[in-house]
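Below you'll find the structure I mean.
Bear in mind that the values here come from a model prediction, so they are computed numbers and not experimental data. Note that ligands are numbered from 1 as they come in the structure, with each ligand's atoms numbered from 1 the same way. Values below: all heavy atoms of this structure, side chains included; hydrogens, waters and symmetry mates excluded.
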Amino acid sequence: MTAPFHYVDGRMHAERVPLARIADEFGTPAYVYSRAALEANFRAFDEAFASLPHLVCYAMKANSNLAVLNVFARLGGGFDIVSGGELARVIAAGGDPAKVVFSGVGKTAAEMRAALAAGIRCFNVESAPELERLAEVAAAAGRRAPVSFRVNPDVDPGTHPYISTGLKENKFGVDFASAPALYRRAASLPSIRVTGIDMHIGSQITELRPCREAAAKLLGLVDALARDGIPLEHVDVGGGLGIRYRDESPVPLHEYAAMLAGLMRGRRETLVLEPGRRLVGDAGALLTRVEYLKRGSRSFAIVDAAMNDLLRPALYDAWHPVDAVAPRAGPAETWQVVGPVCESGDFLAHDRELALAPGDLLAIGAAGAYAMAMSSNYNARPRACEVLVDGDRVHLVRRRERVDDLFAGESIAP
Ligand code: LLP
């Protein structure tokens, strides 16, 4: 496959569709996804584990558009969810609840009831009180809740502190030492069925070492539990594999898969994986138009997308590629690419060398993951539309919000 976003005769295309045509038809800002890239990413991930019994549960927090979920559901994917809202999205997208694992430190009783009723595959339980609540909810519903504990292997993933989750000081998971007692407690509860174990140490990980270290620790615990008379059916290693935004060297999929296949050799448990970013990150771009050029000691390209559309630069100082959809021959200048939101933190990119004129279209790359999913209506800005390109066809998969959508749920007090 050619890269999903590429130039043909000096004009950027998504698959076979010129991005300028999408901007004309649907306006900007617009999120553009490539179906071919989504499918290729899923297949590559799934096929890398072909030698093992496994289930790929896409961490849908990365991008929960129904059309994206549907692409993965059709390929047999399961889903890692973190809320009742995400479960409803899976069902609306045609996903199979029996392939859903439910992560998160704060599941409400209502969310537990909905997930039990839907028949999800597993609750990834993150604390002792969560186990007790789940046992009560399941007993009241006359069901047995399938449970895996998220354990915290205390391994440093070497990533941004905001997206590092596997250290002792993080709020996630139960610590290693207390896991055996929790498993014994779970095994004693009639409304609980112990099925697995899981972890997730962080996101945008670009080294194999922490993944190997954490997985090996996890399997050590699985063996100890088996000796204790608590055999498990699955081992969930979470997500976290990074992608290239700028110059990172992501872990090659085959190395990651070979590492896990080595550790799983001769074992009976099913391997569950929760990739998010790796499946969607490079499959999306944010298309935006230059509104104004403001030249000075620092020159600003003010575009029609902002931090409410793409928060990652403002929140994590994340670097995304910014490219002209139709590059100009003229001399390049250095631009701060910023949006219209009233915050100095509202920037999409710093110090980019581009030849620009007002009205030009820019594509902000690697914007398929944690992009639209983290958008907001800050500054009363309607959210962008989303389109899915499939060969030479373009499907509008989420219409642009209208201004009256913004306050449709509000009312004035008498
Ligand atoms: N499983 C669990 C339990 C998770 O918490 C996450 C991500 C994943 C799987 C998927 O991780 P991935 O494969 O996408 O790295 N907003 C941040 C990323 C937050 C990740 C949160 N958890 C960003 O924009 O970089």
Side-chain angles (χ1 to χ4, degrees), residues 38 41-42 44-45 48 55-64 68 72 77-83 86 100-107 121-127 130 148-153 157-167 170-174 196-207 210-211 214-215 218 235-246 248 250-251 253 256 271-284 286 307 309-320 348 364-376:
L38 294 170
N41 288 347
F42 184 91
F45 207 96
L55 179 64
V56 178
C57 290
Y58 164 57
M60 62 180 283
K61 63 172 76 69
N63 185 330
S64 60
V68 172
F72 295 145
F79 299 93
D80 168 46
I81 65 168
V82 290
S83 70
E86 288 195 344
V100 166
V101 297
F102 191 170
S103 303
V105 294
K107 301 176 193 77
R121 181 186 171 105
C122 190
F123 289 85
N124 290 344
V125 172
E126 304 214 17
S127 65
E130 185 191 334
S148 119
F149 285 100
R150 172 165 176 183
V151 297
N152 196 330
T159 182
H160 191 286
Y162 286 13
I163 53 177
S164 152
T165 49
L167 285 168
N170 295 128
K171 70 178 175 183
F172 300 100
V174 301
I197 193 162
D198 74 286
M199 67 172 189
H200 173 76
I201 60 171
S203 198
Q204 185 57 15
I205 299 171
T206 52
E207 290 174 281
C211 305
L218 195 70
V235 174
D236 178 344
V237 292
L241 278 197
I243 63 169
R244 173 168 297 164
Y245 287 97
R246 187 178 194 172
E248 304 88 339
V251 176
L253 211 44
Y256 181 68
L271 181 66
V272 176
L273 303 131
E274 302 174 358
R277 191 187 319 265
R278 192 71 173 232
L279 298 190
V280 293
D282 67 358
L286 173 59
M307 66 187 289
D309 300 297
L310 180 65
L311 185 60
R312 302 191 73 259
L315 188 58
Y316 313 115
D317 209 12
W319 193 101
H320 284 258
L348 298 170
I364 302 177
Y370 306 109
M372 181 64 177
M374 291 173 76
S375 65
S376 77

Taking side chain as C-beta onward, heavy atoms only, is Phe45 less than 4.5 Å from Tyr256? yes
Answer with side chain, backbone, both or neither: which part of Arg312 has a heavy atom less than 4.0 angstrom from an atom of ligand 1? side chain
Nearest candidate to atom 2 (C) of ligand 1, where distance is taken over non-hydrogen atoms, out of Glu126, Glu274, Met374: Glu274
Below 3.5 Å, N or O to N or O, backbone or side chain included: is there any such pair between Ala59 and ligand 1? no
According to side-chain contact (heavy atoms from CB on, under 4.5 Å), who are the partners of Asp282, at least two apart in sequence or on a separate chain? Asn41
With atoms numbered from 1 as shown, which atoms in ligand 1 lie under 4.0 angstrom from a non-hydrogen atom of Arg150? 3 (C)
Of Val272, Asn124, Val235, which is the lone residue that meets side chain to side chain contact (heavy atoms under 4.5 Å, CB included) with Ile197? Val235
Sequence neighbours excluded, which residues qualify as ring pair (Phe, Tyr, Trp, His ring centres under 6.0 Å) partners of Phe149? Tyr183
Check if Ala62 has a non-hydrogen atom at a distance under 4.0 Å from any atom of ligand 1. no
Have a look at ligand 1 and work out which part of Asp80, if any, has a heavy atom under 4.0 Å from it: side chain, backbone, both or neither. side chain
Interfacing atoms of ligand 1 (cut-off 4.0 Å, heavy-atom, Gly239): 9 (C), 13 (O)
Less than 3.5 Å between some nitrogen or oxygen of Tyr316 and one of ligand 1, yes or no? yes
Backbone or side-chain N or O of Arg278 under 3.5 Å from ligand 1 N or O: no
Flag the pair Asp236 / Met199 as yes when at least one side-chain heavy-atom distance between them is below 4.5 Å, and no otherwise. no
Just jot down the ligand 1 atoms closer than 4.0 angstrom to any heavy atom of Gly240, in number order. 11 (O), 12 (P), 13 (O), 15 (O)
Euclidean distance, Arg312 CZ relative to His320 NE2, rounded to 0.5 Å: 4.0 Å
With the side chain counted from C-beta on, respond yes when Met60 and Ile81 share a heavy-atom pair under 4.5 Å apart, and no when they do not. yes
Please could you name the atoms of ligand 1 that Arg277 approaches to less than 4.0 Å, counting only its heavy atoms? 12 (P), 13 (O), 14 (O), 18 (C), 23 (C), 25 (O)
Subset of ligand 1 atoms that lie under 4.0 Å from at least one heavy atom of Pro275: 13 (O)
Close side-chain approach of Arg278 and Pro250, heavy atoms under 4.5 Å: yes
With the threshold set at under 4.0 angstrom, would you say Gly238 reaches ligand 1 through any of its heavy atoms? no
Using distance alone, determine whether Gly202 and ligand 1 share an N or O pair under 3.5 Å. no
At under 4.0 Å between heavy atoms, what of His200 touches ligand 1? The answer is side chain
Nearest-0.5 Å distance that lies between atom CD in Glu130 and atom NZ in Lys107: 3.5 Å
Looking at Lys61 and Asp80, is there a salt bridge between them, counting it only when a charged N and a carboxylate O are closer than 4.0 Å? yes
